[in-house]
Amino acid sequence: MGWDAFGLPAEQHAIATGEHPAVQTRRNIDNFRRQLQMLGFAIDWDRELSTTDENYFRWTQWIFLKLFRHGLAYVSEKPVWFCPALGTVLANEEVQNTPEGPRSERGSHPVERRPIRQWVLRITAYADKLIEGLDHVDWPDSTKRLQKNWIGKSEGAEVTFKLDGHADTLTVFTTRPDTLFGATYMVIAPEHPLIEKITSAEQKAAVNAYVAAVRNKSDLERTDLADKKKTGVFTGAYALNPVNGAKIPVWTADYVLITYGTGAIMAVPAHDERDWEFAKQFALPIIQVVGSKDAIDVNEQPWTEDGPMVNSGPFNGLSATETKKQITADLAAKGQGKLAVNFKLRDWLFSRQRYWGEPFPLLWVSREDYAKIPADSEVREFLPKEPVTCQLNGVEVCAVPLTSKQLPLTLPTVKSYQPSPTGDSPLSKEPEWTEVWYDVASGATVAQSQAQPGPLWVKASRETNTMPQWAGSCWYYLRYLDPQNAKDIASADALKYWGCPDFYIGGAEHAVLHLLYARFWHRFLHDIGVLPTAEPFTKLFHQGLIMGEDGEKMSKSRGNVVNPDSIVKDHGADALRMYLMFLGPLEASKPWSSEGISGITRFLKRLWRLSVDEATGGPSTKINDQAQEPEDFVRELHRTIQKVEKDIETLQFNTAISQMMILMNAAEKAPALRRETVETFVRLVAPFAPHVCEEIWARLGHQESVSGAAWPKFDPAKLMESTVEIIFQVNGKVRATVKVAKETSKEALLAMAKADPSVQKFLEGKPIVKEIVVPGRIVNLVVAG
RNA sequence: GCUCAGGUGGUGGAAUGGCAGACACGCUAGAUUCAGGUUCUAGUGCCCAUAAAGCGUAAGGGUUCAAGUCCCUUCCUGAGCACCA
């Protein structure tokens, strides 16, 4: 069991009450643990961990330092999603588009773009591996598709355009280099750095106004889909088409995103819907270069499918694929283009301006002090090849790591958990913790309030951001293998013995969050030799949510939360467990029903009465080893063993329980049962309702726990039926059913069907045009008319 | 707008192309009990006085001896993506 206990809920509680988040976290964990134990889940409590334990998060920090060491952690000042209500930045994956605009995944608060200094993990370096790895795991196709789309790989070319009258060039990314002859204008994003340089004097005012307007546009307005109208302004600059020297105007428009590709495009209105709309809007020329099937007029609508090239000089008549290849090769020869791959995936924004998270085990020192790190310094354990730098209060500083010996870096106690509106972490207000002497030889630190301990101790400021909640949950499954290990995240032996989770059950909402992040870390740890496996989760299954009784997601504000404590009080832990399984397919979302559970409660009471004698408390008087059980009942018993076994393996618990109820109905009708039969039944129910079965098992005279009893075996011979029911149909409609011996031949079945009075009634002497006989199942007579 | 998953009684849900509605809840009637959030019995898709027949798995069409299941069109619900060049 692992508690993923860092994060916003505990911190928001701390802000509201002043209580340390650790205190509330511990109280919550204790309550959850009590409830889980009450339900009797088979959890190995010796392997319990919490992501907030310093003996756990020292390894989270260690993994981060490994990423830092390998150049996969860097600082960015690009605009990021900031949530004023939560007082922190959020990763792309944590922001959702809603009709009200972009909102935080947690709490659905408005978010906005702000330029804030952030730690970022280079997950894009793993984009290809993260796509490729999906081919080797047994995951739902929908989830694989979700991840693939999120990573969004597209292959194409980068094409460099010379700018008329400028030394600068403009590089664009395109997936359609084949349509280069159809480029009639260019667009650069309003945030593009070149815009200042290339805008002509006449257009300066218009462009500045447009750029300012876009900057002030909220993300809601900018992504509003109801308003598909394109806006944009001509910059006054012209680019030269590398294939034919054509002079084409350069515009700026906000439908081109600075965050994707090069932030600039070549526009081919004849063959791209967005470019077509823009061209129509501003009366720009539209040139068809790809032949269409039904002579489509590209002035009326764009043609986005393939066809032979036209209006493309030497490439006329060639296929799109061939043209792509040749044009890209030609451009490469001229130094004006190359094959290129782009991803929608952005690097992972990894810092939060919060208190309740793992502190970054990093400090900032001046460039001069960074240069003092000796060649044999222990600090080099985690030092990257190139320093990671940023500007702090206008001064350039370099990031230096702690060493393994210095971990864990724990949180200081603070006066206030409140984040500042400017996006500073509460930790930044604790100078005693942040301002330290740092030994460039050993990585040790002491507070600056003390005297400088030695000549190699330099002034350093700790990083005051903390890691996001995902950090701790990225690798917890590895710690289960060896939770007490003080030397490694887990021993090599344990990693080799246990491997990875064979089967991972979790919500689909994690498809592009936890499941993507964890794969990234796992693959990285594999690449640096820490882990023997490349992929963490071999087989994945998404369970559905249990909804409130009103069919809506359970939430405190809605008041439809079901408290397990009161259910257990009324019906018992077994009934709760079993009813959750009986509600419906595991993968489906199903509403809770406070009435429905009584069906399970009744079933368990009936099992008790079937096995235990109320008067003596010993075995039921119905149990008699001399009993002759009817053949039908014995078959049902073995059918139940078979079905429960199979359904458990395929996670179809609802139908397993249905079958046990069918057996119960049959067992109550039997005049007497053999002890073996009752014990088999109890063993079948035991995994679902362990507590009551344990008690029954003891009442039946067993000293050992039923959980250790062997699983019943079904006898295939007992499943055989000597007679089968055959359906007689006329024109596909059932007219009679008969019981016959299993071996009855086709011919005999046919004769019986024809002789059956209720069948004859519908034959009415009409000619039979077709006879279908499926032995053991059905006879269908097709008559004319 | 695009992609995916769905749509079956009053409810949750069953159904290797072969009797639609298993199992359970609820409901109706009866019995048991001092009592019932007890237990037992019978019934419970629609139409119908009853039986027989007929109708019935979002709507329409198709394939098949036979379709909830396979194919096409439309509608609806849910999820994800959303100007990604």
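- One cannot find a donor-acceptor pair under 3.5 Å joining the base of B:rC23 and the side-chain atoms of A:Gln659.
- Each of B:rA24, B:rC55, B:rA82 was ranked by its minimum atom distance to the side chain of A:Asn665; first place goes to B:rA24.
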Quick one: the dot-bracket string of RNA chain B, using Watson-Crick and G-U wobble pairs with both distances under 3.5 Å, [ ] for crossing pairs and | for bases paired to another strand. (((((((..(((.....[....)))((((((.......))))))((.......))..(((((..]....))))))))))))....
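- Nearest nucleotide to the side chain of A:Thr737, out of B:rC19, B:rC4, B:rC23: B:rC19.
- Looking at heavy-atom distances under 4.0 Å, A:Gly596 makes contact with sugar-phosphate atoms alone, never a base.
- Aromatic rings of A:Tyr255 and A:Phe278 (six-membered ring for Trp) have centroids within the 6.0 Å cut-off, being under it.
- Between the P atom of B:rA82 and the CG atom of A:Leu345 lies a distance of 12 Å, rounded to the nearest Å.
- Within the structure, a side-chain polar atom (N or O) of A:Arg609 is placed less than 4.0 Å from OP1 or OP2 of B:rC40.
- Within the structure, every side-chain polar atom (N or O) of A:Ser142 is placed at least 4.0 Å from both OP1 and OP2 of B:rG80.
- Of all non-hydrogen atoms in A:His542 and A:Thr143, the two that sit nearest each other are NE2-OG1, 2.6 Å.
- Between the side chain of A:Thr169 and the main chain of A:Phe161, no donor-acceptor pair closer than 3.5 Å is present.
- Remark on RNA chain B: of its neighbouring residues A:Pro585 and A:Ile727, the 5'-side contact belongs to A:Pro585, judged by nearest-heavy-atom nucleotide.
- Counting non-hydrogen atoms under 4.0 angstrom, A:Ile662 reaches the backbone sugars and phosphates but no base.
- Listed candidates were B:rA85, B:rC40, B:rA15. Nearest to the side chain of A:Arg606 is B:rC40.
- Under the 30°/60° scheme for interplanar angles, the aromatic rings of A:Tyr185 and A:Trp251 are found to stand perpendicular.
- Residues forming a side-chain hydrogen bond (donor to acceptor under 3.5 Å, both in side chains) with A:Trp139 (at least two apart in sequence, or on another chain): none.
- Salt bridge status for A:Glu721 with A:Arg639: present, with a side-chain N to carboxylate O gap under 4.0 Å.
- Here the C1' atom of nucleotide B:rG54 and the CZ atom of A:Phe762 are 10 Å apart, to the nearest Å.
- With rounding to whole Å, A:Glu277 atom CD is found 14 Å from B:rA85 atom C1'.
- For A:Ala736, the side-chain contact (heavy atoms from CB on, under 4.5 Å) criterion is met by A:Phe728, A:Asp756, A:Ser758, A:Val759, not counting sequence neighbours.
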